[in-house]
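Convention: sequence-line order gives letters A, B, ...; per-chain numbering from 1.
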Amino acid sequence: MSEEKSLNFLEEIIEKDLENNTHNGRVLTRFPPEPNGYLHIGHAKSICLNFGLAKKYNGKCNLRFDDTNPTTEETEYVESIKADIQWLGFQWDEELYTSDYFDQLYAYAVKLIEKGLAYVDDSTAEEIAAQKGTPTSPGVTNSFRERSMQENLDLFSQMKNGDFPDGAKVLRAKIDMKHVNMLMRDPVIYRIKHAHHHRAGDKWCIYPMYDFAHGQSDSIEQITHSICTLEFVPHRELYDWFIEKLEIFPSHQYEFARGNVNYTVTSKRRLLQLVKENFVESWDDPRMPTISGFRRRGFTPESIRVFWDKVGIAKRDNVIDFSLLEFCVREDLNKIALRRMAVLDPIKVIITNYEEGKTEFLPAENNPEDEHAGHRDIPFGRELWIERDDFMTSPPPKYFRLGPGLKVRLKHAYIIECTDYKTDENGQVTEVHCIYFPESKSGEDKSGIKVKGTMHWLSSAHAQSAEVRLYDRLFNVENPASEEGDFKDFISEDSLKIISTAYIEPALKEAAMQDRFQFIRLGYFCLDKNSKSDHLIFNRTVGLKDSWAKEMKK
RNA sequence: UGCCUGAUGGUGUAAAGGUAGCACAGCAGUUUUUGGUACUGUUAGUCUUGGUUCGAAUCCAGGUCGGGUAACCA
């Protein structure tokens, strides 16, 4: 018996349309990025929504590149966007480009002129802005508005033919200069731009504006539900006006609230700054909120999909806790990550009663959450590495780790007891001496000894070296963009910590790019894309929940 | 200032006039060869003022607060 999950407002709209047979049972959505940058976590919400809705209602979802501004768009972005969508686990029905509709869009504009609903305006951008008025004062008309249909037709044709320089003229819809909605005050619908288009090449020197491209493209594709974010609400009136006047397929626009996550920024401008000014390494730096950044960081597509699913769809402004994202990756990774041991900050342990030169191979399960994950054998010997944090010369109460006279279990191995330790001239511990209890071997413990703590470790004779990169949130304030001053002043100093001399267990030599690991007691890790077989680099996706650290803070 | 839009625990999201629920976070505990996982319990909420109604988070009116909006960007 499955719990009935309530519908969000978009699902309700679709189900009602399905019920009324509004589009003959057809559901067609679209994801319409402008190829002028990399996709970020916020885009992922829109992707999950549009593709998710199509999937749920047996419909289709198109990928349409909204490439109407040749000066900002590049093929590089097209490729990265496609890769990101597919990585997230979605496949579009058709791959389309607004630029492929330029001929049709031009014909629509001509139709508007013929209907007396558009005119060529010679005013400068400044003049047009001034004539537009303000939200509280109506705009005024100019003499160009009264041009004859034939003159408009000729002029628009000349614009298309490249007879005028950039900015000399624009085509405007003739609506109402006194309209309360500023967007309806004779919006510019075509501008002159002698620019090379990443796809259309040099065929065009006039390009349609967003409002004269988006809705029309939806209509051409017969999109049934055109879903966008809240800031486009005022555009809907224009969207509907064009569809009505052009007498084309009535697509409808619906708006939802974009998802914001705290401790990060998602504006294109700021993301670009982080990259260009080298605050991060690249667009896919694991600290970036880009989809490629999350991918490199080790996030799974599943975790991001689940994240947005848990957040839900609504129309109110929101800021989602980063901790929900962390929860979602941990939840997924816990199920699939192979358990391995690594020591990031090593300190030597010598088992004084263990035979010198002897090596034992101990079986260790790969994943306690997955009985089919099997096991590997890990080497044990007289000299080991343990984490420096796991030893204290004078431990506080409830410290279930090593200290003089204390016993702990070494994971998958024996119980040991600390008998002595050595320090250097600074008092820094250099060596911990222990004895082990042969009877206490993991899986066949007959020692009867009970210990509270279990620690990870590595045989120093077998441990391999690797570089480990620890990432944390990029900013140390919840909303860097709204903070006084430059948002870059709030970049956290702890966002990246590189450990160039970590030790890892031998099995990790075999690590592959797609593998996910849990370094026991440390967190989830994956190989970085720059990792080489003779220089392994691991990225920490997210740490484990650490209730001991929390306890210590009290 | 005009128009549009929204308001439910710390956060996100449900409840379509009839028990304010779920998740994250927090707190407490149980289990545990990861101070992980799993499990249990628990703290905490309907912006405000009126009205309609047997009954209002929900409907109505006023107010308050938040967001959007005045590119030849999308």
Side-chain angles (χ1 to χ4, degrees), chain A residues 3 5-8 12 32-34 36 66-69 71-73 121 123-125 128-129 132-139 166-172 179-183 185 187-193 206-207 209-211 213-214 228-237 255 257 259 262 268 307 310-328 330-331 334-335 339 341 365 368-369 398-401 408-413 415 440 442-443 445 451-456 518-524 543-552:
Chain A
E3 192 99 342
K5 206 189 167 196
S6 57
L7 302 176
N8 65 47
E12 282 177 5
E34 182 189 11
N36 69 346
D66 218 345
D67 54 354
T68 57
N69 186 357
T71 53
T72 59
E73 297 152 7
D121 193 329
S123 307
T124 63
I128 289 177
K132 218 159 211 177
T134 68
T136 49
S137 60
D166 287 7
K169 287 176 168 44
V170 290
L171 183 70
R172 290 227 255 170
H179 205 286
V180 288
N181 183 348
M182 297 287 290
L183 284 162
R185 318 243 263 227
V188 172
I189 59 177
Y190 261 94
R191 77 283 214 191
I192 301 171
K193 268 186 193 238
I206 57 171
Y207 293 92
M209 299 288 290
Y210 166 83
D211 285 306
H214 199 99
C228 61
T229 46
L230 250 24
E231 66 268 29
F232 289 96
V233 169
H235 292 255
R236 189 175 60 228
E237 196 171 11
E255 311 87 8
N262 59 13
K268 211 158 272 179
F307 170 72
K310 284 185 191 291
V311 167
I313 303 294
K315 301 184 86 146
R316 72 185 86 110
D317 299 317
N318 59 82
V319 182
I320 303 142
D321 275 338
F322 194 85
S323 61
L324 180 60
L325 237 189
E326 294 183 323
F327 168 81
C328 292
R330 287 194 188 110
E331 187 185 41
N334 179 52
K335 291 182 295 195
R339 270 54 172 182
M341 294 203 280
E365 61 197 351
E369 306 291 320
K398 291 197 281 182
Y399 183 80
F400 306 141
R401 308 181 188 184
V408 295
R409 149 96 42 204
L410 293 177
K411 181 79 178 169
H412 304 306
I415 290 174
S440 68
S442 194
D445 187 347
V451 293
K452 280 277 181 80
T454 300
M455 298 180 1
H456 60 283
Q518 182 197 103
F519 290 179
I520 288 179
R521 300 212 299 145
L522 296 176
Y524 293 100
L544 257 26
K545 259 177 80 177
D546 191 347
S547 45
W548 170 246
K550 209 175 283 173
E551 179 75 24
M552 290 302 281

Assign [X] to base, sugar-phosphate, or nothing according to its heavy-atom contacts below 4.0 angstrom with the strands shown.
| X | value |
| --- | --- |
| A:F327 | sugar-phosphate |
| A:N181 | nothing |
| A:H412 | base |
| A:G443 | base |
| A:S123 | base |

Where each residue is assigned the nucleotide of RNA chain B containing its nearest heavy atom, which of A:R409 and A:R236 is assigned the position nearer the 5′ end?
-> A:R236
Closest-nucleotide 5' rank along RNA chain B - winner of A:M455 and A:D166 | A:M455
So what's [N] paired with, Watson-Crick or G-U wobble, going by both distances under 3.5 Å?
| N | value |
| --- | --- |
| B:rG17 | none |
| B:rU46 | none |
| B:rC3 | B:rG68 |
| B:rA23 | B:rU11 |
| B:rU40 | B:rA28 |
| B:rU33 | none |

Answer yes or no: does a side-chain N or O of [X] lie under 4.0 Å from OP1 or OP2 of [N]?
| X | N | answer |
| --- | --- | --- |
| A:R185 | B:rA70 | no |
| A:T124 | B:rC72 | no |
| A:K132 | B:rA71 | no |
| A:T454 | B:rG35 | no |
| A:K452 | B:rU32 | no |

Could you check whether the side chain of [X] and the base of [N] have a donor-acceptor pair of N or O atoms closer than 3.5 Å, going by distance alone?
| X | N | value |
| --- | --- | --- |
| A:E369 | B:rG36 | yes |
| A:S442 | B:rU33 | yes |
| A:R316 | B:rG66 | no |
| A:R330 | B:rU37 | no |
| A:Q518 | B:rU34 | yes |

Would you call A:W548 stacked on B:rG35, i.e. ring centres under 5.5 Å apart with the planes less than 30° off parallel?
-> yes
Among [options], which is the nearest nucleotide to the side chain of [X]?
| X | options | answer |
| --- | --- | --- |
| A:M182 | B:rC72, B:rG36, B:rA70 | B:rA70 |
| A:A125 | B:rG2, B:rG26, B:rC72 | B:rC72 |
| A:D317 | B:rA74, B:rC72, B:rG66 | B:rG66 |
| A:N318 | B:rU13, B:rA15, B:rG36 | B:rU13 |
| A:E34 | B:rG36, B:rG35, B:rC73 | B:rC73 |
| A:Y210 | B:rG35, B:rU34, B:rA74 | B:rA74 |
| A:K411 | B:rG2, B:rU33, B:rU13 | B:rU33 |

How far does the P atom of B:rU13 sit from the matching atom of B:rA7, given to the nearest Å?
-> 10 Å
Taking the same atom, C1', in B:rG17 and in B:rU58, what whole-Å distance lies between them?
-> 7 Å
side-chain contact (heavy atoms from CB on, under 4.5 Å) between A:Y210 and A:H235: does it pass, once the steps are laid out?
-> CA-CA 10 Å; A:Y210 166 83; A:H235 292 255; 4.0 Å; yes
Nearest heavy atoms of A:Y207 and A:K193, plus distance in Å = CE1-O, 3.3 Å
Only one of A:T72, A:N69, A:T68 clears side-chain hydrogen bond (donor to acceptor under 3.5 Å, both in side chains) with A:E34; which?
-> A:T72
